[in-house]
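Remember, it's 1-based here, ligands and their atoms both numbered in the order they're listed. Computed from a prediction, not measured in an experiment: that's the story for all the values here. For this chain, numbers begin at 1 and follow the sequence in order.
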Amino acid sequence: MESEEIHTFQSLSDNVGRFNLRGKTVLIPEMNRIGCHLLAGTFRGFGINAMVMETYKGLDLGLEYSSGKECYPCQVTLGDILHFLNKEKQKLGDDFNPDDYIYFMPESDGPCRFGMYNKYQRIVLDSFPQLSDLKIGYLTAEDGYSLKGIIDERFLGDLRKASYFSMVIADILDRLLWRVRPYEREPGMADEFIERAMRNMEDAFEAYGVKKDFEKIFTKMEETIEEGKLIIDPDIPPKPMIGIVGEIYLRCMVHANQNLIRLLERYGAEVVNASVVEWVNYITYTRLRETRSELRLGVKQLRLGNIWRSLKNIARFKAELYYQELRQKQIYERVEALIDLAGDHKISHLEEILKEEDLFSFDIGTEACLSIAGILEYAREGFNGVVNVYPFTCMPSTAASAIISPVINRLGVPYLDTPYDSSFQPGREAAIRTFMYQAHQHMKRNGRKRS
Ligand code: SF4
(Lines give C-alpha, C1' and ligand atoms only; values in the text may rest on other atoms or scores of the structure.)
Protein backbone atom coordinates (compact mmCIF):
# COMPACT_ATOMS: atom_id res chain seq x y z
CA MET A 1 0.00 0.00 0.00
CA GLU A 2 1.28 3.46 -0.91
CA SER A 3 0.77 6.38 1.43
CA GLU A 4 -0.11 9.88 0.18
CA GLU A 5 -0.32 13.34 1.69
CA ILE A 6 -3.62 14.11 3.40
CA HIS A 7 -5.62 17.12 2.26
CA THR A 8 -8.82 16.82 4.26
CA PHE A 9 -9.94 15.76 7.73
CA GLN A 10 -13.54 15.26 6.60
CA SER A 11 -13.29 11.55 7.24
CA LEU A 12 -12.86 12.18 10.96
CA SER A 13 -16.58 12.79 11.06
CA ASP A 14 -17.56 10.48 8.16
CA ASN A 15 -15.46 7.46 9.00
CA VAL A 16 -15.02 7.51 12.77
CA GLY A 17 -18.19 6.90 14.73
CA ARG A 18 -20.81 4.45 15.76
CA PHE A 19 -21.72 2.17 12.89
CA ASN A 20 -24.06 -0.77 12.69
CA LEU A 21 -21.79 -3.80 12.77
CA ARG A 22 -24.09 -6.19 10.94
CA GLY A 23 -22.80 -7.43 7.60
CA LYS A 24 -19.25 -6.24 8.35
CA THR A 25 -16.15 -7.96 9.62
CA VAL A 26 -15.41 -6.36 12.96
CA LEU A 27 -11.70 -6.17 13.71
CA ILE A 28 -10.87 -6.22 17.41
CA PRO A 29 -7.31 -5.30 18.40
CA GLU A 30 -5.90 -7.68 20.98
CA MET A 31 -5.37 -6.16 24.41
CA ASN A 32 -6.00 -8.85 27.00
CA ARG A 33 -5.94 -11.97 24.86
CA ILE A 34 -8.64 -13.92 26.68
CA GLY A 35 -10.99 -10.97 27.11
CA CYS A 36 -10.84 -10.00 23.44
CA HIS A 37 -11.50 -13.57 22.29
CA LEU A 38 -14.48 -14.02 24.61
CA LEU A 39 -15.88 -10.68 23.47
CA ALA A 40 -15.46 -11.68 19.82
CA GLY A 41 -17.27 -14.97 20.55
CA THR A 42 -20.10 -13.07 22.25
CA PHE A 43 -20.44 -10.70 19.27
CA ARG A 44 -20.53 -13.62 16.85
CA GLY A 45 -23.37 -15.15 18.87
CA PHE A 46 -25.34 -11.98 18.11
CA GLY A 47 -24.68 -12.35 14.39
CA ILE A 48 -21.75 -9.92 14.23
CA ASN A 49 -18.78 -11.31 12.37
CA ALA A 50 -16.09 -10.33 14.89
CA MET A 51 -12.49 -11.43 14.92
CA VAL A 52 -9.42 -10.63 17.01
CA MET A 53 -6.57 -9.32 14.88
CA GLU A 54 -3.12 -10.81 15.09
CA THR A 55 -1.09 -8.51 17.28
CA TYR A 56 2.41 -7.08 17.55
CA LYS A 57 3.41 -8.32 14.10
CA GLY A 58 3.05 -4.84 12.62
CA LEU A 59 4.92 -2.83 15.22
CA ASP A 60 7.40 -1.61 12.61
CA LEU A 61 4.49 -0.17 10.61
CA GLY A 62 3.05 1.43 13.75
CA LEU A 63 6.37 3.11 14.43
CA GLU A 64 6.87 4.10 10.79
CA TYR A 65 3.51 5.88 10.57
CA SER A 66 3.66 7.68 13.91
CA SER A 67 5.91 10.51 15.03
CA GLY A 68 7.12 9.07 18.33
CA LYS A 69 5.04 11.49 20.41
CA GLU A 70 2.03 9.18 20.57
CA CYS A 71 1.30 6.86 23.46
CA TYR A 72 2.81 3.42 22.93
CA PRO A 73 -0.59 1.59 22.82
CA CYS A 74 -1.57 3.89 19.94
CA GLN A 75 1.54 2.84 18.00
CA VAL A 76 0.98 -0.86 18.68
CA THR A 77 -2.67 -0.83 17.65
CA LEU A 78 -1.88 1.28 14.57
CA GLY A 79 0.67 -1.36 13.60
CA ASP A 80 -1.90 -4.11 14.16
CA ILE A 81 -4.48 -2.61 11.81
CA LEU A 82 -1.96 -1.71 9.09
CA HIS A 83 -0.44 -5.19 9.26
CA PHE A 84 -3.86 -6.84 9.08
CA LEU A 85 -4.97 -4.75 6.10
CA ASN A 86 -1.69 -5.37 4.27
CA LYS A 87 -2.08 -9.09 4.66
CA GLU A 88 -5.74 -9.04 3.76
CA LYS A 89 -4.99 -7.08 0.62
CA GLN A 90 -2.31 -9.55 -0.39
CA LYS A 91 -4.66 -12.46 0.26
CA LEU A 92 -7.73 -11.08 -1.51
CA GLY A 93 -6.12 -9.01 -4.27
CA ASP A 94 -8.78 -7.16 -6.29
CA ASP A 95 -11.54 -8.57 -4.08
CA PHE A 96 -10.23 -6.57 -1.12
CA ASN A 97 -12.79 -3.96 -0.15
CA PRO A 98 -12.09 -1.82 2.95
CA ASP A 99 -15.81 -1.12 3.25
CA ASP A 100 -16.27 -4.77 4.32
CA TYR A 101 -14.56 -4.09 7.65
CA ILE A 102 -15.08 -2.04 10.77
CA TYR A 103 -12.04 -1.49 12.91
CA PHE A 104 -13.12 -1.38 16.54
CA MET A 105 -11.26 1.20 18.63
CA PRO A 106 -12.98 2.31 21.86
CA GLU A 107 -12.03 5.62 23.43
CA SER A 108 -12.06 7.40 26.72
CA ASP A 109 -12.48 11.13 27.18
CA GLY A 110 -9.54 13.05 28.64
CA PRO A 111 -7.68 14.43 30.26
CA CYS A 112 -5.18 12.16 28.49
CA ARG A 113 -4.78 11.00 24.89
CA PHE A 114 -6.86 7.84 24.64
CA GLY A 115 -9.70 9.89 23.16
CA MET A 116 -7.48 10.76 20.20
CA TYR A 117 -6.24 7.30 19.13
CA ASN A 118 -9.07 6.62 16.69
CA LYS A 119 -8.85 10.13 15.17
CA TYR A 120 -5.11 9.91 14.81
CA GLN A 121 -5.32 6.45 13.28
CA ARG A 122 -8.01 7.69 10.89
CA ILE A 123 -5.63 10.42 9.70
CA VAL A 124 -2.94 7.80 9.08
CA LEU A 125 -5.40 5.51 7.26
CA ASP A 126 -6.47 8.46 5.12
CA SER A 127 -2.95 8.74 3.83
CA PHE A 128 -3.62 5.44 2.00
CA PRO A 129 -6.22 6.32 -0.67
CA GLN A 130 -7.26 2.66 -0.99
CA LEU A 131 -8.26 2.60 2.70
CA SER A 132 -10.48 5.65 2.69
CA ASP A 133 -13.66 3.57 3.02
CA LEU A 134 -12.52 1.70 6.10
CA LYS A 135 -14.67 2.71 9.07
CA ILE A 136 -13.43 3.02 12.64
CA GLY A 137 -16.20 2.14 15.05
CA TYR A 138 -15.93 3.26 18.63
CA LEU A 139 -17.59 3.02 21.99
CA THR A 140 -16.88 5.89 24.29
CA ALA A 141 -16.45 6.20 28.05
CA GLU A 142 -18.35 9.49 27.74
CA ASP A 143 -21.68 7.63 27.73
CA GLY A 144 -20.49 4.66 29.81
CA TYR A 145 -19.66 2.55 26.73
CA SER A 146 -23.24 2.50 25.48
CA LEU A 147 -23.71 0.06 22.58
CA LYS A 148 -26.40 2.18 20.96
CA GLY A 149 -26.11 2.27 17.20
CA ILE A 150 -23.87 -0.75 16.72
CA ILE A 151 -26.67 -3.33 16.74
CA ASP A 152 -30.47 -3.37 16.43
CA GLU A 153 -32.11 -1.67 19.39
CA ARG A 154 -33.85 -4.87 20.55
CA PHE A 155 -30.54 -6.68 21.18
CA LEU A 156 -28.84 -3.79 23.00
CA GLY A 157 -29.56 -4.89 26.58
CA ASP A 158 -28.75 -8.54 25.96
CA LEU A 159 -25.50 -7.77 24.13
CA ARG A 160 -24.42 -5.50 26.94
CA LYS A 161 -25.16 -8.12 29.60
CA ALA A 162 -23.46 -10.93 27.68
CA SER A 163 -20.42 -8.75 26.92
CA TYR A 164 -20.06 -7.77 30.55
CA PHE A 165 -20.38 -11.40 31.61
CA SER A 166 -17.67 -12.35 29.12
CA MET A 167 -15.33 -9.72 30.57
CA VAL A 168 -15.80 -11.00 34.13
CA ILE A 169 -15.20 -14.59 33.03
CA ALA A 170 -12.09 -13.48 31.10
CA ASP A 171 -10.75 -11.78 34.24
CA ILE A 172 -11.31 -15.00 36.15
CA LEU A 173 -9.54 -17.11 33.53
CA ASP A 174 -6.58 -14.71 33.72
CA ARG A 175 -6.57 -14.98 37.51
CA LEU A 176 -6.77 -18.74 37.27
CA LEU A 177 -3.68 -18.76 35.05
CA TRP A 178 -1.72 -16.53 37.46
CA ARG A 179 -2.87 -18.71 40.36
CA VAL A 180 -1.79 -22.07 38.89
CA ARG A 181 1.21 -21.25 36.68
CA PRO A 182 3.69 -20.48 39.49
CA TYR A 183 2.90 -23.90 40.99
CA GLU A 184 2.55 -26.02 37.84
CA ARG A 185 3.69 -29.65 38.00
CA GLU A 186 5.49 -29.42 34.66
CA PRO A 187 6.61 -26.33 32.71
CA GLY A 188 4.11 -25.32 30.01
CA MET A 189 1.10 -27.15 31.49
CA ALA A 190 -0.68 -23.96 32.57
CA ASP A 191 -0.19 -22.16 29.26
CA GLU A 192 -1.45 -25.11 27.25
CA PHE A 193 -4.44 -25.48 29.57
CA ILE A 194 -5.44 -21.82 29.47
CA GLU A 195 -5.24 -21.60 25.67
CA ARG A 196 -7.61 -24.57 25.44
CA ALA A 197 -9.86 -23.13 28.14
CA MET A 198 -10.03 -19.82 26.28
CA ARG A 199 -11.10 -21.50 23.03
CA ASN A 200 -13.78 -23.53 24.87
CA MET A 201 -15.15 -20.45 26.61
CA GLU A 202 -15.11 -18.49 23.35
CA ASP A 203 -17.29 -21.22 21.81
CA ALA A 204 -19.52 -21.21 24.90
CA PHE A 205 -20.12 -17.46 24.61
CA GLU A 206 -20.84 -17.78 20.91
CA ALA A 207 -23.39 -20.52 21.56
CA TYR A 208 -25.06 -19.36 24.79
CA GLY A 209 -24.35 -15.62 25.18
CA VAL A 210 -27.19 -14.56 22.88
CA LYS A 211 -29.64 -16.77 24.79
CA LYS A 212 -28.35 -15.34 28.07
CA ASP A 213 -27.88 -18.92 29.18
CA PHE A 214 -25.19 -17.86 31.61
CA GLU A 215 -25.70 -20.97 33.74
CA LYS A 216 -24.40 -23.19 30.90
CA ILE A 217 -21.38 -20.92 30.48
CA PHE A 218 -20.75 -21.00 34.19
CA THR A 219 -20.93 -24.80 34.32
CA LYS A 220 -18.13 -24.84 31.74
CA MET A 221 -16.22 -22.38 33.89
CA GLU A 222 -16.56 -24.67 36.92
CA GLU A 223 -15.23 -27.63 34.92
CA THR A 224 -12.33 -25.46 33.75
CA ILE A 225 -11.46 -24.46 37.31
CA GLU A 226 -11.52 -28.08 38.48
CA GLU A 227 -9.18 -29.00 35.64
CA GLY A 228 -6.91 -26.04 36.41
CA LYS A 229 -6.60 -27.03 40.06
CA LEU A 230 -5.03 -30.34 39.02
CA ILE A 231 -2.07 -28.44 37.55
CA ILE A 232 -1.00 -27.18 40.98
CA ASP A 233 1.80 -29.14 42.61
CA PRO A 234 0.96 -29.08 46.35
CA ASP A 235 4.62 -29.58 47.27
CA ILE A 236 5.65 -26.16 45.92
CA PRO A 237 5.57 -23.73 48.87
CA PRO A 238 3.61 -20.45 48.65
CA LYS A 239 5.37 -17.63 46.86
CA PRO A 240 5.39 -13.86 47.49
CA MET A 241 2.20 -12.17 46.27
CA ILE A 242 2.80 -9.32 43.84
CA GLY A 243 0.02 -6.93 42.80
CA ILE A 244 0.04 -5.08 39.48
CA VAL A 245 -1.62 -1.75 38.72
CA GLY A 246 -1.16 0.72 35.88
CA GLU A 247 -2.35 1.69 32.44
CA ILE A 248 -4.90 -0.85 31.23
CA TYR A 249 -3.46 -1.64 27.80
CA LEU A 250 0.11 -2.09 28.96
CA ARG A 251 -0.69 -4.17 31.98
CA CYS A 252 -2.95 -6.48 29.95
CA MET A 253 -0.97 -6.76 26.73
CA VAL A 254 1.77 -9.31 27.28
CA HIS A 255 3.80 -8.41 24.17
CA ALA A 256 3.79 -4.71 24.95
CA ASN A 257 4.84 -5.28 28.57
CA GLN A 258 7.49 -7.75 27.45
CA ASN A 259 5.80 -10.53 29.40
CA LEU A 260 6.20 -8.85 32.74
CA ILE A 261 4.10 -11.35 34.69
CA ARG A 262 6.08 -14.28 33.37
CA LEU A 263 9.32 -12.50 34.27
CA LEU A 264 8.09 -11.86 37.80
CA GLU A 265 7.09 -15.52 38.03
CA ARG A 266 10.55 -16.57 36.88
CA TYR A 267 11.95 -14.81 39.94
CA GLY A 268 9.48 -16.49 42.27
CA ALA A 269 6.28 -14.39 42.27
CA GLU A 270 2.60 -15.21 42.33
CA VAL A 271 0.99 -12.27 40.58
CA VAL A 272 -2.43 -10.62 40.59
CA ASN A 273 -3.02 -7.99 37.92
CA ALA A 274 -5.75 -5.35 38.24
CA SER A 275 -8.77 -6.53 36.29
CA VAL A 276 -10.33 -5.19 33.09
CA VAL A 277 -13.78 -5.09 34.67
CA GLU A 278 -12.39 -2.73 37.30
CA TRP A 279 -11.98 -0.18 34.49
CA VAL A 280 -15.50 -0.81 33.13
CA ASN A 281 -17.02 -0.39 36.60
CA TYR A 282 -14.89 2.70 37.16
CA ILE A 283 -16.26 4.30 33.99
CA THR A 284 -19.87 3.64 35.04
CA TYR A 285 -19.08 4.88 38.56
CA THR A 286 -17.52 8.13 37.33
CA ARG A 287 -20.46 8.77 34.96
CA LEU A 288 -22.79 8.39 37.94
CA ARG A 289 -20.67 10.84 39.96
CA GLU A 290 -20.67 13.34 37.11
CA THR A 291 -24.42 13.19 36.55
CA ARG A 292 -24.93 13.82 40.27
CA SER A 293 -22.78 16.97 39.97
CA GLU A 294 -24.80 18.01 36.92
CA LEU A 295 -27.99 17.58 38.93
CA ARG A 296 -26.64 19.79 41.73
CA LEU A 297 -25.73 22.46 39.19
CA GLY A 298 -29.13 22.18 37.49
CA VAL A 299 -30.88 22.65 40.84
CA LYS A 300 -28.71 25.66 41.67
CA GLN A 301 -29.49 27.25 38.31
CA LEU A 302 -33.12 26.13 38.39
CA ARG A 303 -32.90 24.63 34.91
CA LEU A 304 -35.71 22.11 34.71
CA GLY A 305 -34.55 20.52 31.46
CA ASN A 306 -31.10 19.86 32.90
CA ILE A 307 -32.56 18.53 36.15
CA TRP A 308 -34.79 16.10 34.27
CA ARG A 309 -31.94 14.90 32.05
CA SER A 310 -29.64 14.45 35.03
CA LEU A 311 -32.27 12.48 36.93
CA LYS A 312 -32.74 10.16 33.96
CA ASN A 313 -28.97 9.65 33.64
CA ILE A 314 -28.57 9.05 37.36
CA ALA A 315 -31.22 6.34 37.20
CA ARG A 316 -29.51 4.77 34.19
CA PHE A 317 -25.96 4.73 35.57
CA LYS A 318 -27.15 3.64 39.02
CA ALA A 319 -28.96 0.67 37.52
CA GLU A 320 -25.96 -0.23 35.34
CA LEU A 321 -23.50 -0.03 38.21
CA TYR A 322 -25.79 -2.04 40.46
CA TYR A 323 -26.18 -4.74 37.82
CA GLN A 324 -22.45 -4.88 37.03
CA GLU A 325 -21.29 -5.07 40.62
CA LEU A 326 -23.95 -7.60 41.59
CA ARG A 327 -23.16 -9.80 38.60
CA GLN A 328 -19.43 -9.62 39.28
CA LYS A 329 -19.92 -10.40 42.99
CA GLN A 330 -22.12 -13.42 42.23
CA ILE A 331 -19.57 -14.87 39.83
CA TYR A 332 -16.60 -14.32 42.15
CA GLU A 333 -18.49 -15.90 45.06
CA ARG A 334 -19.14 -19.04 43.05
CA VAL A 335 -15.54 -19.19 41.87
CA GLU A 336 -14.13 -18.63 45.35
CA ALA A 337 -16.06 -21.68 46.56
CA LEU A 338 -13.89 -23.74 44.19
CA ILE A 339 -10.46 -22.10 44.37
CA ASP A 340 -8.80 -19.31 46.35
CA LEU A 341 -8.57 -16.68 43.61
CA ALA A 342 -7.95 -13.01 44.43
CA GLY A 343 -11.16 -10.98 44.50
CA ASP A 344 -11.63 -7.66 42.75
CA HIS A 345 -11.68 -4.13 44.13
CA LYS A 346 -14.98 -2.30 44.48
CA ILE A 347 -14.72 1.20 43.03
CA SER A 348 -16.52 2.98 45.86
CA HIS A 349 -14.05 1.33 48.25
CA LEU A 350 -11.12 2.63 46.19
CA GLU A 351 -12.57 6.13 46.35
CA GLU A 352 -12.91 5.79 50.13
CA ILE A 353 -9.22 4.89 50.37
CA LEU A 354 -8.23 7.98 48.38
CA LYS A 355 -10.39 10.17 50.61
CA GLU A 356 -8.96 8.63 53.79
CA GLU A 357 -5.40 9.17 52.64
CA ASP A 358 -6.15 12.49 50.93
CA LEU A 359 -3.74 11.63 48.13
CA PHE A 360 -5.78 12.16 44.96
CA SER A 361 -9.36 12.75 43.94
CA PHE A 362 -11.88 11.05 41.68
CA ASP A 363 -12.74 14.61 40.55
CA ILE A 364 -9.47 14.60 38.58
CA GLY A 365 -10.28 11.26 37.01
CA THR A 366 -8.04 9.00 34.88
CA GLU A 367 -6.59 5.63 35.76
CA ALA A 368 -4.43 7.29 38.44
CA CYS A 369 -7.48 7.02 40.73
CA LEU A 370 -7.44 3.23 40.37
CA SER A 371 -3.66 2.87 40.48
CA ILE A 372 -3.02 4.94 43.60
CA ALA A 373 -5.90 3.43 45.55
CA GLY A 374 -5.14 -0.05 44.17
CA ILE A 375 -1.52 0.12 45.39
CA LEU A 376 -2.66 1.11 48.87
CA GLU A 377 -5.25 -1.64 48.89
CA TYR A 378 -2.66 -4.27 47.89
CA ALA A 379 -0.42 -3.02 50.71
CA ARG A 380 -3.29 -3.23 53.21
CA GLU A 381 -4.24 -6.71 52.05
CA GLY A 382 -0.72 -7.94 52.81
CA PHE A 383 0.75 -8.25 49.31
CA ASN A 384 4.55 -8.55 49.34
CA GLY A 385 5.19 -6.08 46.53
CA VAL A 386 3.48 -3.90 43.93
CA VAL A 387 4.43 -3.11 40.32
CA ASN A 388 3.10 -0.12 38.39
CA VAL A 389 3.24 -0.84 34.63
CA TYR A 390 2.60 1.83 32.01
CA PRO A 391 3.61 3.27 28.66
CA PHE A 392 6.65 5.53 28.77
CA THR A 393 5.40 9.15 29.23
CA CYS A 394 1.89 8.03 30.22
CA MET A 395 0.45 10.99 32.08
CA PRO A 396 -1.85 9.33 34.68
CA SER A 397 0.62 6.57 35.52
CA THR A 398 3.53 8.98 35.92
CA ALA A 399 1.38 11.07 38.26
CA ALA A 400 0.40 7.93 40.18
CA SER A 401 4.05 6.96 40.53
CA ALA A 402 5.08 10.41 41.82
CA ILE A 403 2.27 10.44 44.39
CA ILE A 404 2.54 6.88 45.65
CA SER A 405 6.33 6.38 45.81
CA PRO A 406 6.95 8.18 49.15
CA VAL A 407 3.81 6.65 50.69
CA ILE A 408 4.64 3.07 49.75
CA ASN A 409 8.24 3.56 50.94
CA ARG A 410 6.93 4.61 54.34
CA LEU A 411 4.75 1.49 54.43
CA GLY A 412 7.82 -0.66 53.74
CA VAL A 413 6.23 -2.55 50.83
CA PRO A 414 8.54 -3.21 47.83
CA TYR A 415 7.43 -1.13 44.85
CA LEU A 416 8.61 -0.93 41.24
CA ASP A 417 7.77 1.34 38.30
CA THR A 418 8.02 -0.34 34.89
CA PRO A 419 7.48 2.09 31.99
CA TYR A 420 7.57 0.48 28.54
CA ASP A 421 7.96 1.49 24.93
CA SER A 422 9.19 -0.49 21.93
CA SER A 423 12.78 -0.56 23.18
CA PHE A 424 14.31 -2.99 25.65
CA GLN A 425 15.78 -1.58 28.85
CA PRO A 426 18.95 -3.50 29.59
CA GLY A 427 18.57 -3.06 33.36
CA ARG A 428 14.93 -4.15 33.53
CA GLU A 429 15.57 -7.78 34.44
CA ALA A 430 18.10 -6.81 37.12
CA ALA A 431 15.55 -4.37 38.59
CA ILE A 432 12.92 -7.11 38.70
CA ARG A 433 15.34 -9.55 40.28
CA THR A 434 16.18 -7.02 43.00
CA PHE A 435 12.51 -6.21 43.50
CA MET A 436 11.70 -9.89 43.90
CA TYR A 437 14.52 -10.30 46.41
CA GLN A 438 12.88 -7.53 48.46
CA ALA A 439 9.48 -9.21 48.07
CA HIS A 440 10.89 -12.51 49.39
CA GLN A 441 12.34 -10.66 52.38
CA HIS A 442 9.01 -8.94 52.93
CA MET A 443 7.24 -12.31 52.95
CA LYS A 444 9.75 -13.74 55.44
CA ARG A 445 9.09 -10.86 57.83
CA ASN A 446 5.35 -10.37 57.31
CA GLY A 447 3.95 -13.57 55.83
CA ARG A 448 1.73 -13.25 52.78
CA LYS A 449 -1.83 -12.54 51.88
CA ARG A 450 -2.85 -16.13 51.23
CA SER A 451 -0.84 -18.85 53.01
S1 SF4 B 1 -3.60 6.56 29.86
FE2 SF4 B 1 -1.48 7.02 29.34
S3 SF4 B 1 -1.05 5.73 27.57
FE4 SF4 B 1 -3.26 5.83 27.77
S5 SF4 B 1 -3.85 7.57 26.49
FE6 SF4 B 1 -3.58 8.37 28.53
S7 SF4 B 1 -1.48 9.14 28.55
FE8 SF4 B 1 -1.69 7.74 26.82
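With contacts defined as side-chain heavy-atom distances shorter than 4.5 Å, the pair Pro106/Tyr138 does not qualify.
In this structure, Phe362 has its ring center under 6.0 Å from that of Tyr285. The ring of Tyr378 has its center closer than 6.0 angstrom to the ring center of His345.
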Worked check of side-chain contact (heavy atoms from CB on, under 4.5 Å) between Asn49 and Lys24:
CA-CA 6 Å; Asn49 181 25; Lys24 305 284 181 188; over 6 Å; no
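Around atom 2 (Fe) of ligand 1, the protein atoms of type N, O or S that sit closer than 2.8 Å are Cys394 SG.
Side-chain polar atoms of Thr25 and Asp100 form no donor-acceptor pair below 3.5 angstrom.
Every salt bridge (charged side-chain N to carboxylate O under 4.0 Å, His left out) that Arg44 has, sequence neighbours left out, goes to Glu202, Glu206.
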